[in-house]
Student: 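Please see the structure below; I have some questions.
Proteins get letters first, then strands, A, B, ... in listed order; numbering begins at 1 in each.
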2 protein chains.
Amino acid sequence: MSRRQTKSQTAILQLLKKEQVALSHDGITAKLEQEIDRVTIYRILNRFVEDGLAHRIVADDGRQYFAICPEECSHDHKAHDHLHFRCVSCDRVECVPGEVEYSLPAGYKVDNHNIILSGNCNDCSGK
Amino acid sequence: MSRRQTKSQTAILQLLKKEQVALSHDGITAKLEQEIDRVTIYRILNRFVEDGLAHRIVADDGRQYFAICPEECSHDHKAHDHLHFRCVSCDRVECVPGEVEYSLPAGYKVDNHNIILSGNCNDCSGK
DNA sequence: TCACTTATTGCAACAATGTTGCGTTAAAGT
DNA sequence: ACTTTAACGCAACATTGTTGCAATAAGTGA
Ligand SMILES: [Zn+2]
Ligand SMILES: [Zn+2]
Ligand SMILES: [Zn+2]
Ligand SMILES: [Zn+2]
């Protein structure tokens with residue numbers, strides 16, 4: 001059950017670490033030099049999430065994006081409660097560090113946060 | 001270009017108004033008495049969103065849910081910034097009224113809020 | 001270094017969700 | 001009742017992600 005290190009895996013991990021933004025399967029495929037099978041990419045990403053290396057965001061475009069857990073998350077894998085911004089112009093999804101405050105009725109137990117704001121990022125809002 | 005009132009349309013609108021929760025295409029199909037074509041349902045829902053009657057939430061299960069705009073939204077169709085809670089046990093998505101506070105870097109223009117917390121609702125967390 | 005175990009891969013097939021095209025139906029206006 | 005065309009139903013398609021299974025290769029130990 002222990003993980004094995006493979007080229008595909010390290011390539012994707014390096015890519016995610018290098019990128020500042022969250023990447024979709026599509027974006028990963030585009031940025032990889034080597035060819036990796038669709039299914040393999042999905043399986044690697046799911047493994048990363050399972051292992052707490054990355055977190056998954058389901059954006060309002062209906063797609064999954066993956067990002068390396070930022071510093072603030074490192075100590076606590078459940079700390080994925082930061083928000084995410086998807087720019088509809090440049091199609092990038094980025095993690096936005098910082099607290100999100102809200103109130104919830106009593107008795108509700110939150111397991112996962114999936115906060116997506118979409119619009120135009122700083123680069124694109126200037127047109 | 002003006003809207004026409006049809007049975008399918010009013011049935012779905014009544015259903016959404018009656019329900020307290022946000023409904024997916026699937027949930028709507030299940031709760032409707034009459035048979036309405038899959039595509040028609042999707043088109044009706046998209047029309048509702050377009051017309052500002054309802055708002056669309058893309059949940060972290062990757063599906064679209066639709067809810068009638070609550071009172072707080074009525075005066076301003078852009079006020080869909082309330083959060084949503086999806087219970088992974090009973091598979092319901094509900095609007096949670098109230099403010100969500102966050103901060104965003106300068107220059108970012110938000111068009112749409114898609115805030116989903118998932119976990120167990122009050123009914124289900126007591127097991 | 002070589003053999004062994006099994007995690008990982010690649011391919012095909014499938015599943016789920018949502019959209020588009022198009023001919024038909026029926027709501028609204030005259 | 002007639003006309004216009006929004007809305008519908010059906011089929012086909014598109015996209016995104018998962019599952020099954022045989023082949024490959026990473027880790028382990030002799
Ligand atoms: Zn942008
Ligand atoms: Zn993030
Ligand atoms: Zn519940
Ligand atoms: Zn809502």
Student: Out of the candidates Glu99(A), His55(A), His113(A), only one should pair with His82(A) under the side chain to side chain donor-acceptor pair (under 3.5 Å) rule; please name it.
Tutor: His55(A)
Student: Please list, chain by chain and in numerical order, all residues satisfying ring pair (Phe, Tyr, Trp, His ring centres under 6.0 Å) with Phe48(A), sequence neighbours excluded.
Tutor: none
Student: Does anything in residues 10-47 of chain B pair up under ring-ring contact (aromatic ring centres under 6.0 Å, His included), and if so which pairs, sequence neighbours excluded?
Tutor: His25(B)-Tyr42(B)
Student: Which letter, B, S or -, goes with each nucleotide of nucleotides 24-30 of chain D from 5' to 3', with contact meaning a protein heavy atom under 4.0 Å?
Tutor: -BBS---
Student: Taking atom P of dT9(C) as reference, at what distance in whole Å does atom CD1 of Ile36(A) sit?
Tutor: 8 Å
Student: Along nucleotides 11-22 of chain D, 5' to 3', which nucleotides get a B, which get an S, and which get a -, given that the test is a protein heavy-atom distance under 4.0 Å?
Tutor: B----SBBBB--
Student: Ignoring hydrogens, what is the shortest heavy-atom contact between Asn120(B) and Cys87(B)? Give both atom names and the distance.
Tutor: CA-SG, 3.9 Å
Student: Please report the distance, rounded to the nearest Å, between CG in Asp51(A) and P in dA7(C).
Tutor: 13 Å
Student: Checking Thr40(B) now: which residues fulfil side-chain hydrogen bond (donor to acceptor under 3.5 Å, both in side chains) with it, not counting sequence neighbours?
Tutor: none
Student: Evaluate the side chain to side chain contact (heavy atoms under 4.5 Å, CB included) criterion for residues Asp123(B) and Cys90(B): first the C-alpha distance (whole Å), next the side-chain angles of each, then the deciding distance (0.1 Å), finally the verdict.
Tutor: CA-CA 9 Å; Asp123(B) 296 347; Cys90(B) 63; 6.0 Å; no
Student: Would you kindly give the CZ-to-P distance between Arg47(B) and dT19(C), to the nearest whole Å?
Tutor: 13 Å
Student: Just jot down the side chain to side chain contact (heavy atoms under 4.5 Å, CB included) partners of Arg43(B), sequence neighbours excluded, or say none.
Tutor: Val39(B), Arg47(B)
Student: Need the bend value for the helix from dT1(C)-dA30(D) to dT30(C)-dA1(D): angle between end axes, 5 pairs each end, nearest 10°.
Tutor: 30°
Student: Near DNA chain C, counting only heavy atoms under 4.0 Å, which residues of residues 85-94 of chain A show up?
Tutor: none
Student: Under the rule for side chain to side chain contact (heavy atoms under 4.5 Å, CB included), what residues qualify as partners of Ser103(A), not counting sequence neighbours?
Tutor: none
Student: One pair to check against side chain to side chain contact (heavy atoms under 4.5 Å, CB included): Asp81(B) and Ile115(B). What are the steps and the verdict?
Tutor: CA-CA 8 Å; Asp81(B) 55 346; Ile115(B) 307 177; 5.6 Å; no
Student: Without decimals, in angstroms, what is the distance between Ile44(A) CD1 and dT8(C) C1'?
Tutor: 8 Å
Student: Less than 3.5 Å apart, which donor and acceptor atoms pair up between the side chains of residues 60-69 of chain B and the rest of the protein, not counting sequence neighbours?
Tutor:
from, atom 1, to, atom 2, distance (Å)
Asp60(B), OD1, Arg86(B), NE, 2.7
Asp60(B), OD1, Arg86(B), NH2, 2.9
Asp60(B), OD2, Asn112(A), ND2, 3.4
Asp60(B), OD2, Ser118(B), OG, 2.7
Asp61(B), OD1, Arg63(B), N, 3.0
Asp61(B), OD2, Arg63(B), NE, 3.2
Asp61(B), OD2, Arg63(B), NH2, 3.4
Asp61(B), OD2, Tyr65(B), OH, 2.7
Arg63(B), NH2, Tyr65(B), OH, 3.0
Arg63(B), NH2, Asp91(B), OD2, 3.4
Gln64(B), OE1, Arg56(B), NH1, 2.9

Student: Are the side chain of Asn114(B) and the backbone of Val58(B) linked by a donor-acceptor contact shorter than 3.5 Å?
Tutor: yes
Student: Please report, rounded to the nearest Å, how far the P atom of dG10(C) is from the CG atom of Leu32(A).
Tutor: 11 Å
Student: Among pairs that include at least one residue of residues 5-23 of chain A, which meet salt bridge (charged side-chain N to carboxylate O under 4.0 Å, His left out), considering only residues two or more places apart or in two chains?
Tutor: Glu19(A)-Lys31(A)
Student: Partners of Thr6(A) by side-chain hydrogen bond (donor to acceptor under 3.5 Å, both in side chains), sequence neighbours excluded?
Tutor: Gln9(A)
Student: Within this structure, what is the CG-to-P distance between Leu13(A) and dT8(C), rounded to whole angstrom?
Tutor: 14 Å
